[in-house]
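Worksheet: the structure to be examined is printed underneath.
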Amino acid sequence: MTRQYDPHAIEEKWQANWEAAGLYSVTEDASKPKKYVLEMFPYPSGDIHMGHVRNYSIGDVVARFSTMRGMSVLHPIGWDAFGLPAENAAIKSNSHPATWTYANIEKQTSSFKRMGFSYDWSRKVVTSDEDYYRWGQWIFIKFWERGLVERKSSPVNWCPSCETVLANEQVLSDGTCWRCKSVVEKRELEQYFLKITEYAQELLDDLDELPGWPDRVKAMQANWIGRSEGAEVDFTLCDEAGEPTDRTITVFTTRPDTLFGCSFFLLAPEHALVAEITRGTEYASAVDEIVALAAKESSIDRSATDKIKRGAFTGRFVVNPVNGEKVPIWVSDYVLMEYGTGAVMAVPSGDQRDFDFARKYGLPIPPVVIADDDPLLAELAGVRESVLREVPWDVSFAGDGVMVQSGEFTGMRGGKASEGMKAVTEWLLERGQGRFSINFRLRDWLISRQRYWGNPIPAIHCPSCGLVPVPEDQLPVVLPTDVDVTKGETLADHPEFYETTCPVCGGAARRETDTMDTFTCSSWYYLRYCDARNDAAIWDTDKTDYWMPVDQYIGGIEHAILHLLYSRFFTKVFRDMGLVNFAEPFTNLLTQGMVKLDGATMSKSRGNVVAPEAIIAKYGADTLRAYILFMAPPDKDLEWSNEGLDGMWRFLGRAWRYITETADEAAGAVAGASDPASKLLRRERHRVVGKVTEDIERFQFNTALSAMMELLNTAHDYRRDVPVGQRDNALERDIAETLTLLLAPYVPHMAEEIWREAFGRSGSVHSEPWPEWDPAQAASDEVEYAVQVNGKVRDRMTIDVSASEDVVREAALVLPKIIEHTEGKTVRKVLVVPGKLVSIVVG
RNA sequence: GCGGGCGUGGCGGAAUGGCAGACGCGCCGGGUUUAGGUCCCGGUGGGGAAACUCGUGGAGGUUCAAAUCCUCUCGCCCGCACCA
């Protein structure tokens, strides 16, 4: 036992001891409540940084605390190891992605161990290990069997720098690649998609089943899924002579109630009909110009909202089903092929973009839904004819209002989800010219990547059988190691990999050379932890029944959509497959804030990194752990500063001295002392245990530490003020032990050293039960009341805690300062807030 | 434009509608020590000698009582965005 607090003498000793004792390995234990505490697994991009320290320190406190509270705690770790950075690093250092990846995993492993995190290392998963990714391939096959895999040609996002396609979720809102920030291009390519859209409604609905998630994350997901309620409307296409044909073009609209105000019709430049109806006509050249422009422009330029919309008339018309009116078809780049049907009914009086377009090209703007306070309403209220008058109308109005110029619907309420919207759709429905419809913004998940360092897609292209899955008994498709990315190679450069035979007909065939998006690997790792070493099945459902869902998930907000949405999708499919018995993987989610330096996120490329290693070398891991949790509430961004480290170091040193000195003292000369100082200290002990417990449960790690500091301060004053011989040694001993237990989740090494060496206990402090507390003992027998007159505190009084409200009221009214402030005035009201204050109202 | 969030001392941050600024950093003063960046003691929102008074981005409101609830407003951050 060292006399001074010396983390360097104790931390590695206990790390080795815990590992040897298997302290943190768990198995299912039906006798205890379970708790699954999970931090998002790291990407092995180098050594760990302060963001990792924060993330994993939070999780470690929750895990250790839960164990002490009597729960069976699963707290695993692993690595999200496939991905492009490994290839880039390999090219840079002229090596192999696996070399770089596994070296970084080693580095991070030793850093995690050096931090003293309580992981069950026996459950480690590494997504680039064959015994992990083989099950990823198995999942792909199962999804395929369920019709959730599709290979299709469509306009996809292509990152020219990463030389691969990207999912929609991986393109940032400024049109750049999430990883390298290059401007993403659109290319028409044949790719693999997972049909996440089939679960769009459920993914949206079940957000309501997640009260333990931050509203922000749920809002972002809801926004991303983007459900719009409306209708499909069929417009009849006219021929060159303007006569109706038997073909229809369908549009999606959220405002069928404005259908009478449709004065033109729009097609996206990519729409197949555009070329068909304009080819060889006098309109072709103007239309082609728009089409060419749209194809050339980057998605950023095209989506610039301040740009004036360009368009061209096609020479053709469609018939508006509600009034038989013929409206011209235009082409414009503000209509997107990806959303809805790629065709839009334009209602300039109800939509700003349509309005701007109508103004520019001199198209009519007939009002159909008018605000209740619009003077135009009186003038048009009785007009039942459809779309007769175009009145001066210098704004578009998208709100709720009254329908005018809308035939039999005139006078109804119009607006989103309005009576008019329903009535018009029902009218269309009866005539077979429209129907209620729901549209989602969410697109299917593009998962194929033209890169080497990923999980090979288990598919085979057979010239006669088409695309066929690799049979289950031939899995895994092993990722070959001899691909040289420094020469720009991918699997497509290795015939020995792709030359194969068709599993159906046995003929020569070509193996798929694309790999899967890394997000497929991270969409199910939390399930594999439940049964990580199973080589006969992806997992045993009994085990996921016991451990899942994750009770507390902790990670960065950057995964609000990507990883968290994909994982929810996978879980729902697993449920439908009967592999799991729940629909949501993560019951509670804590999104921790970023660790910044000088206002910017720490990153190697910026060169503003504070290495945890340097802090550990000076102060030890315990001080770092406690300090980063003390700095700010976990969900807030945190500006790193070394300034307060000394404060945490001093606190731990003080605690060390207080506890070890107390432990050394002969026990029990005085016990159950009832002098004021002893009573105060006893109360503090119970109050603080209660507060620390509640604070950790609410993730207020900073205030929990503050409370421990308060207890130490009170205990410190006690030793200073009460002479030796009069001190209650039993109480002090209890304070010392309690403080050690409270500190244990934060500073596991220091607490363990004290527990075993100073107190001479044989078991680990981390297996001890959490201290009990008694709210009754936390209460004082006297309380101080603040006495207010007209809302201002004028005096204070100390009174017996059992005093009745009447007694308190009377006592307050006779205080000299209160008499001074109430003299000559009428006391109108006296309120007593028990244990807190008295409020006197005079007038 | 739509959605979410945040504004409290010199700093990080505390406050189930009930005494604003807990706890810590920093700073000021004092003590122990050969010395110390150790340890210990005291002080620390503004104004005022004090009684008091002003203070949680701003303006209103509800309430005996508002950092907290409501309305408007200003500033900042984040997500989505020609989504029909």
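Lettering follows sequence order; numbering is per chain, from 1.
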Check your understanding: When you check the gap from the basic side-chain N to the acidic O, do A:Asp717 and A:Arg720 get nearer than 4.0 Å?
Key -> yes
**Study point:** Sugar-phosphate, base or nothing in reach of A:Arg828, heavy atoms under 4.0 Å
**Key:** nothing
Practice item. Pull out every residue in residues 687-699 of chain A that has a heavy atom closer than 4.0 Å to any atom of RNA chain B, ordered by number, or say none. Key: none
Check your understanding: Under 6.0 Å from the six-membered ring centre of A:Trp224 and within 45° of its axis: does the NZ or CZ of A:Arg441 meet both?
Key -> yes
Point to revise | Side-chain N or O of A:Asn223 closer than 4.0 Å to phosphate OP1/OP2 of B:C83 | key: no
Check your understanding: Just how far, in rounded Å, is P of B:G12 from CE of A:Met648?
Key -> 17 Å
Review point. Is there a donor-acceptor pair closer than 3.5 Å between any side-chain N or O of A:Gln221 and the backbone N or O of A:Ala560?
Key: yes
Practice item. Figure out the CG/P separation between A:Asn790 and B:U63, and round it to whole Å. Key: 15 Å
Point to revise | A:Ser396 side chain to A:Asp351 side chain, donor-acceptor N/O pair below 3.5 angstrom | key: no
Practice item. Select from A:Lys829 and A:Tyr339 the residue whose nearest nucleotide in RNA chain B is closer to the 5' end of that strand. Key: A:Lys829
Review point. Under a 4.0 Å N-O cut-off, is there an ion pair linking A:Arg435 with A:Glu232?
Key: yes
Review point. Rounded to the Å, how far apart are A:Asp257 CG and B:A84 C1'?
Key: 13 Å
Check your understanding: Are any of A:Arg441's side-chain N or O atoms less than 4.0 Å away from OP1 or OP2 of B:A84?
Key -> no
Check your understanding: Hey, does A:Tyr785 reach any base, or is it just sugar-phosphate, or nothing, if we go heavy atoms under 4.0 Å?
Key -> nothing
Revision key, fill the gap. Atom CD of A:Gln700 and atom C1' of B:G12 are separated, to the nearest Å, by 15 Å
Check your understanding: In the structure shown, which nucleotide is the Watson-Crick or G-U wobble counterpart of B:G3, with both distances under 3.5 Å?
Key -> B:C78
Check your understanding: So which nucleotide does B:G55 pair with, by the Watson-Crick or G-U wobble rule with both distances under 3.5 Å?
Key -> none
Practice item. Determine the Euclidean distance between corresponding P atoms of B:G17 and B:C70; express it in Å to zero decimal places. Key: 12 Å
Check your understanding: Are OP1 or OP2 of B:G13 and a side-chain N or O of A:Ser706 less than 4.0 angstrom apart?
Key -> no
Point to revise | Residues A:Lys596, A:Glu639; criterion salt bridge (charged side-chain N to carboxylate O under 4.0 Å, His left out); working and verdict | key: CA-CA 5 Å; A:Lys596 300 182 160 194; A:Glu639 173 70 24; over 6 Å; no
Point to revise | Identity of whatever pairs with B:G26 - Watson-Crick or G-U, under 3.5 angstrom | key: B:U44
Review point. Does a salt bridge link A:Arg687 with A:Glu710, judged by any charged N lying under 4.0 Å from a carboxylate O?
Key: yes
Review point. CZ of A:Phe701 versus C1' of B:C23: gap in Å, rounded?
Key: 17 Å
Point to revise | N/O (side chain, A:Arg794) to phosphate O (OP1/OP2, B:A51) under 4.0 Å | key: no
Check your understanding: Quick one: is B:C6 close enough that its OP1 or OP2 comes under 4.0 Å of any side-chain N or O from A:Arg216?
Key -> no
Point to revise | Ring centre gap for A:Phe264 and A:Phe357 strictly below 6.0 Å | key: yes
Check your understanding: Hey, does A:Pro214 reach any base, or is it just sugar-phosphate, or nothing, if we go heavy atoms under 4.0 Å?
Key -> nothing
Point to revise | Minimal non-hydrogen separation, A:Asn790 against A:Val841, with atom names | key: OD1-CA, 3.4 Å
Review point. More 5' along RNA chain B: A:Ser228 or A:Asp637, using each one's nearest nucleotide?
Key: A:Asp637
Check your understanding: Say you pick atom P in B:G45 and the same atom in B:G79; how far apart are they, in whole Å?
Key -> 39 Å
Check your understanding: Base, sugar-phosphate, or nothing: which does A:Gly647 touch, judged by heavy atoms less than 4.0 Å apart?
Key -> sugar-phosphate
Practice item. May I ask you to evaluate whether A:Lys218 reaches the phosphate of B:G4, defined as a side-chain N or O under 4.0 Å from OP1 or OP2? Key: no
**Study point:** Partner nucleotide of B:U62 by Watson-Crick or wobble geometry (both distances under 3.5 Å)
**Key:** none
Check your understanding: So which of residues 833-842 of chain A are in contact with RNA chain B, with a heavy-atom cut-off of under 4.0 Å?
Key -> A:Val833, A:Lys836, A:Leu837, A:Ser839, A:Val841
Exercise for review: Tell which nucleotide pairs with B:G37, taking only Watson-Crick or G-U wobble pairs whose two distances are both under 3.5 angstrom.
Suggested key: none
Check your understanding: How about A:Phe630 and A:Phe701: are their ring centres within less than 6.0 Å of each other?
Key -> no
Review point. CD/A:Glu805 to CD/A:Glu810 distance, rounded to the nearest 0.5 angstrom?
Key: 12.0 Å
Review point. OP1 or OP2 of B:C83 sitting under 4.0 Å from any side-chain N/O of A:Asn439?
Key: no
Exercise for review: Rounded off to whole Å, could you give me the NZ-to-C1' distance for the A:Lys416 and B:G1 pair?
Suggested key: 11 Å
Review point. Within less than 4.0 Å of OP1 or OP2 of B:G26, is there a side-chain N or O belonging to A:Arg650?
Key: yes
**Study point:** Between B:C19 and B:G10 - P atom distance, rounded Å
**Key:** 22 Å
Review point. Looking across every strand, which nucleic acid part, if any, lies under 4.0 Å from A:His821 by heavy atom: base, sugar-phosphate, or nothing?
Key: nothing
Check your understanding: So what does A:Gln788 touch, heavy atoms closer than 4.0 Å: a base, only the sugar-phosphate, or nothing?
Key -> base
Review point. Taking atom types as modelled, is there a side-chain donor on A:Asn439 or A:Arg227 under 3.5 Å from an acceptor on the other?
Key: no
